[in-house]
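Just so it is clear, the structure is predicted and the values come from calculations on it, not from any experiment.
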Amino acid sequence: MASYDYREFEKKAQEKWTSLGLYNADLSDESRELYYLLVEFPYPSGDLHIGHWYAFAVTDIYARLLRLRGKNVLFPIGFDAFGLPAENAAIKHGLDPKEWTYKNIERMRAQLATMGASFDWSKEVLTCEPDYYQWTQWLFIKFFEQGLAERREASVKWCPKDQTVLANEQVVNGHCERCGTLVEERRLTQWFLKITAYAERLLAGLETLPWREEIKEAQRAWIGKSEGAYLEFLIASHDEKIKVFTTRPDTIFGATYVVLAPEHPLVSALLKYVSNKKAVQDYIAMTTRKTERERSENKEKTGVQFEGIAAINPATKEEIPIYIADYVLGSYGTGAVMAVPAHDERDAEFTRKFNLPVRRVIEPVLTQTSGTAAFRENEPIQDTYGIIALIKHWEDDVYVGLRWPAVGWGTLLTGTIDKGMTPEETVLKEIREEIGYMNIKFMKQIGMIHSKYYHAPKKQNRIGHTPVFYVELADSAQDKVASEEFAKHNMIWLSLEDLKPFLTATSHLAALDLFENRAYTGAGIMTNSGGFNGRANEEVKWDIVASVGGERATQYRLRDWLVSRQRYWGCPIPIVYDPEGKPHVIPAEYLPWLLPTDVDFKPASKAPLASSIELKERVVRIFGKGWTPEYDTLDTFVDSSWYFLRYLDSKNIHKFSDAALMKKWLPINRYSGGSEHTTMHLLYARFFIKALYDLALVPVEEPFIERFNRGLIMGPDGQKMSKSKGNVVNPDEFVQKYGADAVRIYLAFIGPYNEPGNYPWNLDGVASMRKFLERVTRLVEKNSRSTFDETSYSLSQVIARAQLKIVEDSDRFKFNTAVAALMVLVNELEKIPRISKTVLVQLVVMLAPFAPHLAEDLWEKLGKEGSVHQQSWPMATLATTAEQKIVVQVNGKKRGSLALATNISEVEVVAAARALPTVANALSGEEPTRVVYIPGKIINLIV
RNA sequence: GGGCAUGUGGCGGAAUUGGUAUACGCGUACGUCUCAGAAGCGUAUGUCGCAAGACUUGGGAGUUCGAGUCUCCCCAUGCCCACCA
């Protein structure tokens with residue numbers, strides 16, 4: 001009976017590691033390859049949940065494996081200890097935020113210890129300690145001196161009930177997290193870090209990183225670079241002008257009005273000219289009252305015209321109306337846009353609502369890009385001419401659709417223009433020939449569509465030029481339709497609604513869009529655009545900008561980082577104000593600029609620090625009468641933007657981190673974390689490092705070489721774990737029941753760690769891992785006393801394969817298949833009656849990263865000295881075999897397999913393959929016409 | 001609405017460059033051990049079929065000697081961003 005007394009040996013092993021100081025990395029030891037493995041540090045919420053285990057225990061497997069492989073591994077840990085929950089506990093339960101935080105940290109340290117994680121606690125970092133935050137303040141001051149920290153007015157979320165500003169994170173669906181009141185927007189003066197100054201470099205830096213494309217793409221989207229131009233619209237008979245940003249200057253001839261955001265600075269200046277002042281003011285009041293939620297839930301366009309004034313389109317010189325509407329954002333571009341309803345969906349919607357004119361300036365060019373009809377570049381082009389007509393019933397609101405049974409098409413009326421005929425004549429002719437109607441009431445060309453495609457029957461590229469007509473029939477008078485036309489297609493009446501799913505060709509759908517005044521945003525040919533007509537829109541873009549005196553410009557959707565928080569439990573902003581209200585940095589000798597303790601946490605109209613008498617007195621004492629403190633604290637994302645630098649030198653009282661150590665250990669080899677940090681934390685940290693690099697304070701421009709986003713552990717019910725759902729898995733319970741090693745290995749086995757998926761928590765899974773560990777224990781105990789010392793060739797190969805696979809899979813963060821490889825090895829070993837001690841020792845070392853406690857126990861049971869975690873990974877060389885396995889296929893279907901010598905010729909392989917009865921049977925006496933032979937893999941006989 | 005990702009047994013998942021689909025584990029069934037049960041051990045386990053064999057990676061097409069893998073269209077699910085001009 002095997003003994004698996006995990007309660008006993010887990011504790012013993014943990015004590016052993018501590019007493020040996022096994023994981024305190026010697027940062028100066030460069031005799032081994034350096035490896036900085038980082039995992040996002042936790043917020044001390046109080047309880048270690050299973051997600052923490054997933055984050056830390058699985059990453060620990062890699063840390064341990066790297067050490068066995070001879071690397072000098074830095075695997076640090078700390079706590080992101082400033083933050084709101086501490087303050088909420090203070091408000092709700094009257095606790096001291098500091099005490100609450102430190103108590104949680106202590107509890108979590110104890111819980112982390114049960115995991116057997118090989119963290120280097122000697123370098124622990126707590127962001128809420130003055131030792132740490134004085135350097136956060138010092139770095140902020142550097143940013144300030146560099147002009148990267150700036151104070152300016154901004155909109156913030158305001159809870160009218162609590163009389164306080166809220167952090168973005170405190171706003172849940174537009175409501176105050178605490179009291180549920182709808183939040184408002186207020187303008188306040190706030191501190192910003194100018195991350196936008198680094199937008200371009202943050203974008204460019206991504207190209208150098210070997211991250212998963214989806215992570216990079218998320219950051220690119222967040223930065224949101226768009227290239228366009230500033231264009232100016234003069235206001236008729238006044239001095240003001242409206243500057244707009246557009247990415248589509250090519251559509252300027254179609255700009256039929258201009259829109260300002262309600263918060264645009266020009267609005268108040270223009271107000272004195274308008275004749276409907278009241279309506280405009282009401283609209284502004286209405287939109288500022290509107291909550292963010294209302295804006296995002298109800299996207300119906302609203303707006304008001306500035307009556308009595310007009311803007312001048314700089315291209316057409318026409319006077320066009322000016323509107324104010326909240327679909328234009330005050331915070332992006334110039335806060336004003338030129339509206340081109342023909343080629344912008346939002347403008348089109350506004351136009352439909354307010355019944356404004358539309359002016360089309362780009363004729364769609366639809367290019368077939370896939371399938372056999374895909375347009376082939378660099379091949380000759382044939383122009384063709386035809387018509388498309390939308391035909392309306394003489395009475396009802398239905399239109400002609402043609403169904404082509406032979407090819408399965410649905411189209412509008414369409415035809416080719418014959419020589420000598422006008423498009424209009426062609427339309428009339430086609431109506432008569434194809435559907436037989438005699439009389440029309442109305443006909444109008446509504447646009448032009450060009451289609452580029454490859455005409456396979458004639459083997460030529462074609463560009464079809466097709467005017468689109470709208471025709472209303474006068475009456476039901478109908479001639480007989482020729483039978484061959486009738487056979488080709490039959491006619492049905494369809495409503496506009498039914499027409500859309502009916503039409504199969506993109507050009508016909510585009511024709512329908514023209515009729516319905518939908519925006520066309522694709523590429524095309526310029527029209528209604530003066531001297532630019534006939535050219536491709538992409539090509540004229542910058543010529544048009546020049547012709548109207550515009551200026552090329554790049555915009556980013558990334559906003560500057562608002563770091564002020566009207567909160568208590570955070571890093572005090574190291575700023576004081578002189579009697580004139582001008583901000584000054586706090587001199588280095590007064591750092592750390594301590595967080596006061598005589599503070600009222602209750603929600604008030606001012607930040608909590610404003611209630612501190614000590615803080616005010618401190619400022620007066622140091623700086624003099626009339627000087628006042630900054631009352632805001634820093635966003636906690638600032639604390640976490642540089643913590644990985646501090647790990648290298650966490651006790652340094654003279655510097656934020658040691659330059660020589662940073663030079664050795666940066667950039668971080670691998671950073672493991674959650675996908676929710678892709679756009680915030682990861683981007684902020686990259687910005688910090690770039691800014692510090694420019695200040696020559698860090699030696700690298702990118703902090704993290706590799707980044708892996710792990711998945712999420714779901715509750716037993718398959719739902720995301722949450723306290724309210726009551727499906728939160730408490731790991732302590734399972735550690736008690738199955739042991740830490742079983743939980744660790746289960747989490748590693750559950751799925752690939754290198755991609756963010758969702759994995760269920762499955763009790764049977766944990767139990768089965770425990771069984772596996774017991775099997776290993778039995779295996780080792782059964783053989784531990786044997787004196788047998790031979791390892792067969794085939795066994796050594798099995799072991800070598802497992803060793804190699806575990807290393808390779810772990811490097812890709814695929815611990816699930818690494819564990820599977822270990823299981824395969826154990827399955828093989830169990831079949832062998834006697835196992836040598838050499839093999840047992842290797843097995844225990846291979847087990848060590850995954851089940852560190854058990855491995856340590858077995859190591860001792862084998863009578864070995866020291867710790868199993870101080871050994872080196874047993875890498876046997878995989879011999880090249882003299883035999884190869886070749887799969888035999890006939891016509892691509894597997895019919896058998898062969899084991900043959902590696903040096904065999906193709907002819908011999910074919911002969912051997914044909915000798916197989918299953919192959920001979922499949923060939924049924926025929927000679928193969930072709931043989932595909934991939935040595936060492938496959939032979940495919942084709943008949 | 002946009003972007004990204006993912007669809008493989010009853011379930012989690014595996015499958016270097018296109019080259020034996022379903023590794024490993026769970027679950028299930030039967031057997032063994034036992035007075036009995038649990039645990040352990042053994043066997044089986046994609047679907048249809050007695051079998052030979054046929055079919056099978058969300059659906060449909062395509063490229064290829066050969067497609068889970070590459071291309072296109074469609075469907076479903078998840079995540080992120082959401083009026084960014």
Side-chain angles (χ1 to χ4, degrees), chain A residues 1-2 212-218 220-222 224-226 228 244-249 251 259 261 295-296 299-301 325-329 331-340 343-347 349-350 369-372 374 521 555-559 675-676 678-679 712 718 745-746 749-752 755-769 771-772 774-775 778 808-809 812 814 816-824 826-827 830 885-897 921 928-934 936-943:
Chain A
M1 184 63 194
R212 275 172 75 99
E213 202 46 43
E214 67 188 275
I215 304 179
K216 293 205 242 181
E217 198 48 46
R220 281 189 205 111
W222 192 263
K225 179 179 182 173
S226 45
V244 305
F245 175 74
T246 179
T247 55
R248 295 296 304 276
T251 63
V259 193
R295 279 209 196 190
S296 64
K299 285 199 187 148
E300 191 118 327
K301 298 277 180 293
D326 69 357
Y327 80 91
V328 174
L329 305 176
S331 54
Y332 182 79
T334 60
V337 302
M338 66 179 207
V340 185
H343 305 290
D344 182 281
E345 272 153 28
R346 296 148 303 184
D347 298 339
E349 201 189 314
F350 191 81
T369 54
S370 66
T372 43
T521 55
Q555 283 287 333
Y556 301 90
R557 72 190 300 158
L558 183 72
R559 307 295 152 85
S675 50
E676 70 274 21
T678 301
T679 44
L712 219 58
I745 209 164
Y746 169 72
F749 189 63
I750 201 166
E755 50 190 73
N758 296 336
Y759 306 107
W761 177 258
N762 175 354
L763 199 56
D764 290 328
V766 188
S768 81
M769 293 302 120
K771 283 181 200 165
F772 170 70
E774 286 177 8
R775 273 167 58 205
R778 273 199 297 277
E808 283 177 352
D809 290 353
R812 289 186 296 147
K814 293 209 51 163
N816 54 335
T817 53
V819 172
L822 198 60
M823 287 173 169
V824 170
V826 171
N827 289 346
E830 280 178 335
K885 197 177 165 191
I886 292 175
V887 169
V888 184
Q889 295 183 336
V890 176
N891 290 330
K893 270 207 163 108
K894 187 197 167 190
R895 294 294 169 185
S897 67
N921 195 25
T929 53
R930 193 180 156 191
V931 174
V932 178
Y933 175 53
I934 312 293
K937 275 191 180 157
I938 210 159
I939 184 150
N940 191 3
L941 309 174
I942 299 116
V943 289

Rounded distance in Å - [atom1] ([X]) to [atom2] ([N]):
X        : N     : atom1 : atom2 : result
A:Glu808 : B:A14 : CD    : P     : 16 Å
A:Leu822 : B:G25 : CG    : P     : 11 Å
A:Arg557 : B:A85 : CZ    : P     : 7 Å
A:Trp222 : B:C79 : CH2   : C1'   : 14 Å
A:Arg812 : B:U16 : CZ    : P     : 7 Å
A:Leu712 : B:U77 : CG    : C1'   : 16 Å
A:Arg895 : B:C65 : CZ    : P     : 19 Å
A:Glu214 : B:C80 : CD    : C1'   : 11 Å

I'd like a table of atom pairs between the protein and nucleotides 19-22 of chain B - only N or O on both sides, under 3.5 Å - with the distance next to each one.
residue	atom	partner	partner atom	Å
B:G19	N2	A:Gln889	OE1	3.3
B:U20	O2	A:Lys894	NZ	3.1
B:U20	N3	A:Lys885	NZ	3.2
B:U20	O4	A:Lys885	NZ	3.1

Could you tell me which nucleotide pairs with [N] by Watson-Crick or G-U wobble geometry, both distances under 3.5 Å, or answer none if nothing does?
N     : value
B:C11 : B:G25
B:C55 : B:G46
B:U32 : B:G40

(request) Can you sort out the partners of A:Phe772 under ring pair (Phe, Tyr, Trp, His ring centres under 6.0 Å), two or more places apart, ordered by chain and number? (result)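 Partners of A:Phe772 by the ring pair (Phe, Tyr, Trp, His ring centres under 6.0 Å) criterion come out as none, since no residue qualifies.
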(request) Taking ring pair (Phe, Tyr, Trp, His ring centres under 6.0 Å) as the test, write out the residues that go with A:Tyr332, two or more places apart. (result)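 Ring pair (Phe, Tyr, Trp, His ring centres under 6.0 Å) check on A:Tyr332 returns nothing, list empty.
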Polar-atom pairs under 3.5 Å, protein N or O versus N or O of nucleotides 10-13 of chain B: list them with distances, or write none.
residue	atom	partner	partner atom	Å
B:G12	O2'	A:Ile750	O	2.7
B:G13	O3'	A:Asn816	ND2	3.3

Kindly give the atom pairs (protein nitrogen or oxygen, nucleotide nitrogen or oxygen) under 3.5 Å for nucleotides 41-44 of chain B.
none

(request) Name the orientation of the base relative to the sugar in B:G9: syn if the glycosidic angle is within 90° of 0, else anti. (result)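 What B:G9 shows is a syn base, its glycosidic angle lying within 90° of 0.
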(message) For A:Tyr746 and A:Asn762, which I'm curious about, is there any donor-acceptor pair between the side chains at under 3.5 Å?
(response)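 Side-chain D/A pair, A:Tyr746 to A:Asn762: absent.
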(message) Test of understanding: with side-chain hydrogen bond (donor to acceptor under 3.5 Å, both in side chains), list the residues that count as partners of A:Thr817, not counting sequence neighbours.
(response) A:Asp809
(message) Between A:Glu755 and A:Arg812 (salt bridge meaning N to carboxylate O under 4.0 Å), is one present in this structure?
(response)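 Salt bridge between A:Glu755 and A:Arg812, a charged N being under 4.0 Å from a carboxylate O: no.
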